Number of protein chains: 2
Amino acid sequence: MPEQPVRARLVDVAEMAKVSKATVSKVLNGRQDLSVRPETRQRVQEAAAALGYRPHSGARALAGAGTHALALLVPALDNPTYVTIARGAYQRARELGYLSLLAEDFDGQEADESFNDLVQEGRVDGLLIASARPGHPLLDALSRTPVPHVFLNRSVEGSGRNVTMDVARSSITALDHLYGLGHRAVGHIAGPPGITPSEHRKKAFLRHAGELGLSASPVASGDFTEDGGVSAALQLLRPADGTRRPVTAIYTSSLAQAMGAMTAVRDLGLRIPEDVSVVGNDDLPVAGHLSPPLTTVAMPLYELGTAAVEALLAAIQGAPVGDVVVPTEPRLVLRGSTAGPGGTA
Amino acid sequence: MPEQPVRARLVDVAEMAKVSKATVSKVLNGRQDLSVRPETRQRVQEAAAALGYRPHSGARALAGAGTHALALLVPALDNPTYVTIARGAYQRARELGYLSLLAEDFDGQEADESFNDLVQEGRVDGLLIASARPGHPLLDALSRTPVPHVFLNRSVEGSGRNVTMDVARSSITALDHLYGLGHRAVGHIAGPPGITPSEHRKKAFLRHAGELGLSASPVASGDFTEDGGVSAALQLLRPADGTRRPVTAIYTSSLAQAMGAMTAVRDLGLRIPEDVSVVGNDDLPVAGHLSPPLTTVAMPLYELGTAAVEALLAAIQGAPVGDVVVPTEPRLVLRGSTAGPGGTA
DNA sequence: CCGCCTGAGGAAACCGGTTGACTGAAACTT
DNA sequence: AAGTTTCAGTCAACCGGTTTCCTCAGGCGG
């Protein structure tokens, strides 16, 4: 029977192709330091294909050739934003001959464990880090045991290995949209302090609000969750200090926050978009299934994943790293949660 | 300086503890076939701790001791159901000394690739498969290259390695709730054919509807997505065949379907829960942030993950496998999307 | 006093690849 | 014709663990 009941090894391929292990290895890895007759090369490749040969990653790693695997560390997997990034990373890695693993690093809680399991135990050749923040334990671990890595989405100032999107642009896009509809008092829900994309979004929001001469542009902070959105929205719509800040629109830093904000608006007996317009960041399928469907700024999340992989692999191959900004521009996705103040179209 | 700039190896520990590699290996792996003085044992353990020693997974795997890693294959990561399962699996695996990796198998598309990357390249010792379905390529691969595995959530009939939840019970719980509110015509949105949990839920729904003597209990199928929920709900509320099936409540197989159903209900100009009550499966944070908040049946997803890991590790250690049902019962989580027909409390 | 057993630990082969040094034959120089 | 290249590939060490089989020393029984 033509079955191979057990993994084929390099020697099996060598035997079948009637050459030595060394030759097989060099042929399959496409090394130039070896000259082979095209005929031999083909025999090797056919044998490998016939046996369904796959090199044992452990053996390969041991021999100093790396594991051909990466790991992406994300702060939360129930945030679909990171799932999209992960998909981009996975696909691009695969195209480049690598495997991208996914690990959840609950805001630093699991960082050391992941680092040990993945890097110290030699399972990966490098890290894509999307969970960075100031004082994150990973930064320590990286300085003690250096390993190729890049930071994505959340950058680390001065690291020179940040892969980010143009989040400032997303604030401008959202604000221009609301301004165009006639809004002059727009509130912003930012993320927790210290998280760079959120900080940048907030700065750009305030700067552009100034440029447009908005009458009010209050900012409230909250976690990137529904609950964070609820409480921040309440601050904007019903400030604790009693000041009257009658925002007619809210622009949030994440999709979940936007969902929370919508809940809060309704809980106050207000309507969307008639009384308050809402714009979220990150266009994910669920946005279209809210009521009303949510207007969002679509960020190039998938591309962020692919770009981060490219940067990391370049670094692994010894190229100098450097900050990268994904060129794709944020794009407004118009849905039913925005209208002119008072509900005008 | 007390730094160890590079990974500590077994020999480093051996040297520091003034024993041989063999002794260190045996001590750290807690093998009984070696007798050591408590004093020596302690020296070894202290040395390992001092150096932050971690065995190289590749070396260990090569030497025949396995990789101490598992992989969980899920059909879709943007379905938070699987994220919860994955968290349970990860934690339990960690407690038992294993690393659980996560791979997305877009309904069979990536199955062979994942299998090659993870199993054939020797990165994992076993598979947790949540993406099974009839004719799935993985089933083939598994028969060609056997590797320890269990199926979770989606079972494979006759495999004798299914880890599942009591989904029949969830239908009964949901139906009893709606019946208690006074509903006599309840529709069900099932998943695509061939997916076992959905089939079982559907069977239990029909059986229990019969037991309760419901006047109507139509079933429509759709993907486990928002869109699937939309079209299935439309079939229930406005059947193409012109028959009048005035369901006053809908029970769905997934959370996303419930969200889609809610959209569909509203698009028809109906109100929730006054005109139509909706109950979803799987209680996830987003359910509380819909409008109205969604009543759900909470399934023991986290426990499903932990139970699957326990079953797989037992199998890896050579224990006979067998089907397992997670003992935790589904639990109704009451929110605003259900009320008596006509909107009575 | 000698042989044997037991407790404590060591030596070395092996897992499956990679890699740099090396070799034998053919082709080319001079 | 002899020496030198080049071609085409081979040899064997090595990576970092695990495991099986040994060894050595001391204690014990006879």
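What you are looking at is a predicted structure, and each value in this text was computed from that prediction instead of being measured. Lettering follows sequence order; numbering is per chain, from 1.
With hydrogens and angles ignored, no donor-acceptor pair under 3.5 angstrom links the side chain of A:Lys26 to the base of C:dG17. For A:Lys21 against C:dT19, a side-chain-to-base donor-acceptor contact under 3.5 Å is absent.
For the OP1/OP2 pair of D:dG9 and a distance below 4.0 Å, the side-chain nitrogens and oxygens of A:Thr40 include at least one atom meeting the criterion. Between A:Tyr53 and C:dG17 there is a side-chain N or O to OP1 or OP2 distance below 4.0 Å. Side-chain N/O atoms of A:Arg9 include none lying less than 4.0 angstrom from OP1 or OP2 on C:dG17. One finds no side-chain N or O of B:Arg31 lying less than 4.0 angstrom from the OP1 or OP2 phosphate oxygen of D:dT18. B:Ser25 has a side-chain polar atom (N or O) that falls below the 4.0 Å cut-off from OP1 or OP2 of D:dT18. Between A:Ser20 and D:dT10 there is a side-chain N or O to OP1 or OP2 distance below 4.0 Å.
Checked by atom type, the side-chain pair B:Ser131/B:Asp105 shows a donor-acceptor distance below 3.5 Å.
In this structure, OG1 in A:Thr164 is found 13.0 Å from CZ in A:Phe151, a value given to the nearest 0.5 Å.
A 4.5 Å side-chain heavy-atom check between A:Tyr98 and A:Val309 finds every atom pair outside the cut-off. At least one side-chain heavy atom of A:His149 sits under 4.5 Å from a side-chain heavy atom of A:Arg161. Inter-residue side-chain proximity for B:Asp78 and A:Arg87 is flagged as met; some heavy-atom pair is nearer than 4.5 Å. Between A:Tyr90 and A:Leu101, every side-chain heavy-atom pair lies at or beyond the 4.5 Å cut-off. Residues B:Val74 and B:Ile85 form no side-chain contact, since every pair of their non-hydrogen atoms from C-beta on lies 4.5 Å or further apart.
Protein atom CG of B:Leu28 is 15 Å distant from nucleotide atom C1' of D:dT19, rounded to whole Å. Rounded to an integer number of Å, the gap from A:Gln32 CD to D:dT6 P is 18 Å. Computed from coordinates, the B:Asp33 CG to C:dT6 C1' distance equals 15 Å when rounded to whole Å. At whole-Å resolution of the value, NZ in B:Lys18 and C1' in C:dA8 are 18 Å apart. Between A:His56 atom NE2 and D:dG16 atom C1' there is a gap of 13 Å when expressed in whole angstrom units. Remark: C1' of D:dA8 and CZ of A:Arg41 are 11 Å apart, rounded to the nearest angstrom. For the pair A:Arg123 CZ and D:dG17 P, the interatomic distance rounds to 13 Å; values are reported in whole Å. In this structure, CG of A:Asn29 is placed 13 Å from C1' of C:dG16, rounded to the nearest angstrom.
Salt bridge present: A:Arg92 and A:Glu95 bring a charged side-chain N and a carboxylate O closer than 4.0 Å. B:Arg54 has a carboxylate O that lies under 4.0 Å from a charged side-chain N of A:Asp117, or vice versa, which qualifies the two as a salt bridge.
Note on the helix from C:dC1-D:dG30 to C:dT30-D:dA1: terminal axis deviation equals 60°, with five pairs used at each end and the result rounded to 10°.
Between A:Val150 and A:Ala308 the shortest heavy-atom distance is CG2-O, 3.8 Å.
The stretch residues 58-70 of chain B touches DNA chain C through B:Leu62, B:Ala63, each having a heavy atom under 4.0 angstrom from the strand.
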